[in-house]
Amino acid sequence: MAVRDQLSTDDETIAAILARDGVLRSAWARILAARCREAAELSDPGSLVQLVTRLKGAAGWVETAMVQQSLAPTPAVVIERELLGAPAEQARATPGLVRAMAAASVLDAWRDEPLPLLSTIDGTGERVDDNWCAGRLLALPDAAGCAADPQWLLSGVWPGAVDREALDALRNWVLPNPWPLLLAVIGYVQETWAAEGRGGLLLELPQGQSPHHPSEVQVLVAGADGAEVLCGSLGGLVLGLLRRRGMRFFPREPDEAALNALLSPLIGELLRRRVWHFHEALSGQQGQYGLSPGFSDACYRISGTRSLGRNARALRSAIREQAQLWRLDWQGRVDNAFSGSLRAAGTAS
């Protein structure tokens, strides 16, 4: 999945996997060697530099193939047309071929690295840290009910009756569904962090938006002195969190804006089911999201403390660390800008 994000299409991903075959890789490398020779003959040396840079680790394979450089067709013309849109020796296939070979070099570098051992997913959702571990795939909210094996992919289905009791909502809807669970744990982190009286995490709704259909939820992180810093959006927090946990999205990696759009209906559902609550603000201020009082109480009962407390320590720590890292990064940018201003003022004087 990490390599897939570097490629334009699923077909290029298949080409990258096929390029690990020695015979096909050699054939494609000699074609790219011929393209490098063509670039070297141009008056602008930047063309060759750009091509070699885009090849990344595959540049070594291409260098080895320089003595066999040729634009002769390969025996895999049919496969190339299907995956690259044209035979590999044709110029319009070159960009996709370069991306596929570069990705193949990454796969080759990982060949001797052992994959993390993954346990099957706990369908009840109670073993939170076991489910939310390095190497796990998380289905995007719009991929709910996908055909992938639920034993290995974190996914869930949102529709269903609304539980009248908060404890039932925790057991029947939040824990078995990864996205409601993740946002519930973020709310839990908000509460426990605020209780310490040393910093905190705030989720605010920009003015002019509907609490049930926000286009973006702003994330503010407070320091020990209580000063709040706007660090980004909820989608950005989740993206950073998954990177920190060594997890990936399925079937694609969204950007921050796309993930915010996917989270919008989920936030409305959290409010409808009284898992989250929206706190209206005074005039001129922004409203905030947090756990609803009833759901918060359920989190501190035996089953709640076991699932969201003891069994989710690593996930809660990762959420808090990501928020703190965001704030430190912001402070570093401010310090650098201030230092730059002082240097500029000194030079001017």
Side-chain angles (χ1 to χ4, degrees), residues 1-10 12-13 99 132 136-146 148 153-158 177-187 189-190 201-221 228-272 275-276 278 281 285-290 315 318-334 337:
M1 293 300 293
V3 169
R4 171 61 184 87
D5 295 335
Q6 304 173 21
L7 301 167
S8 296
T9 65
D10 291 339
E12 287 185 8
T13 306
R99 288 190 294 267
W132 293 74
R136 188 77 75 193
L137 293 176
L138 171 63
L140 288 170
D142 64 348
C146 59
L153 176 73
L154 278 174
S155 63
V157 180
W158 301 353
N177 288 292
W179 284 100
L181 171 63
L182 176 59
L183 297 192
V185 174
I186 290 175
V189 170
Q190 281 184 284
L201 177 67
L202 297 91
L203 304 177
E204 292 193 349
L205 179 70
Q207 293 181 359
Q209 295 190 35
S210 165
H212 286 78
H213 303 284
S215 60
E216 176 181 298
V217 174
Q218 295 178 340
V219 177
L220 290 83
V221 183
E228 301 169 2
V229 172
L230 174 59
C231 295
S233 70
L234 182 58
L237 176 66
V238 173
L239 287 168
L241 170 65
L242 257 67
R243 284 192 291 267
R244 176 168 291 275
R245 295 293 291 157
M247 298 173 61
R248 307 291 298 186
F249 292 98
F250 177 90
R252 64 192 182 281
E253 182 89 5
D255 59 25
E256 187 170 343
L259 186 54
N260 280 325
L262 291 173
L263 291 175
S264 181
L266 173 58
I267 291 170
E269 192 69 9
L270 288 168
L271 294 175
R272 188 174 77 91
V275 175
W276 270 18
F278 182 71
Q285 296 181 334
Q286 296 186 161
Q288 297 182 359
Y289 293 97
L315 181 59
I319 292 169
R320 182 162 173 168
E321 289 167 4
Q322 179 60 33
Q324 291 171 323
L325 181 64
W326 253 11
R327 196 177 196 282
L328 287 173
D329 181 59
W330 174 87
Q331 187 62 56
R333 292 198 303 270
V334 170

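Leu315 contributes atom CG, which lies 8.0 Å from atom CD1 of Ile186 (distance to the nearest 0.5 angstrom). Taken from CD1 in Ile267 to CG in Leu262, the straight-line distance is 11.0 Å, to the nearest 0.5 Å. For the atom pair CG of Leu205 and CZ of Phe278, the computed distance is 4.5 Å after rounding to the nearest 0.5 Å. Considering CD of Glu253 and CG of Leu239, their distance stands at 6.5 Å, rounded to 0.5 Å. Separation of atoms CZ (Arg136) and CG (Leu154) is listed at 6.0 Å; rounding is to 0.5 Å. One distance of note links CH2 of Trp132 with CG of Leu242; it measures 6.5 Å at 0.5 Å rounding.
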*asked:* Evaluate Leu234 against Leu183 for side chain to side chain contact (heavy atoms under 4.5 Å, CB included), listing each step before the verdict.
replied: CA-CA 9 Å; Leu234 182 58; Leu183 297 192; 4.2 Å; yes
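Checked against side-chain contact (heavy atoms from CB on, under 4.5 Å), Gln218 has the following partners two or more places apart in sequence or in another chain: Pro206, Glu216, Leu220, Leu230, Gln286. Take Ser233 and apply the side chain to side chain donor-acceptor pair (under 3.5 Å) test, not counting sequence neighbours, and it matches Glu256, Asn260. Residues satisfying the ring pair (Phe, Tyr, Trp, His ring centres under 6.0 Å) test with Trp276, not counting sequence neighbours, are Tyr289. Residues passing the side-chain contact (heavy atoms from CB on, under 4.5 Å) test with Ala281 are Gln285, sequence neighbours excluded. Applying the salt bridge (Lys or Arg N to Asp or Glu O under 4.0 Å) test to Arg320 and every residue at least two apart in sequence or in another chain returns Glu196. Applying the side-chain contact (heavy atoms from CB on, under 4.5 Å) criterion to Ser215, with sequence neighbours excluded, gives Gln209.
Contact record, Ala139 with Ser155: CB-CB, 3.7 Å, taken as the closest heavy-atom pair. Closest heavy-atom contact between Ala323 and Leu201: CB-CD1, 4.1 Å. In this structure, Ala318 and Leu241 approach most closely via the heavy-atom pair CB-CD1, 3.5 Å. Across all their heavy atoms, Phe249 and Leu259 have their closest contact at CZ-CD2, 4.1 Å. Of all heavy-atom pairs spanning Val221 and Arg327, the tightest one is O-NE, 3.1 Å. Here the closest heavy-atom approach between residue Leu271 and residue Pro211 is recorded as CD1-O, 3.5 Å.
Not one N or O on the side chain of Trp179 forms a donor-acceptor pair closer than 3.5 Å with the backbone of Leu263.
Pairs passing the salt bridge (Lys or Arg N to Asp or Glu O under 4.0 Å) check and including a residue from residues 231-244, sequence neighbours excluded, read Arg244-Glu321.
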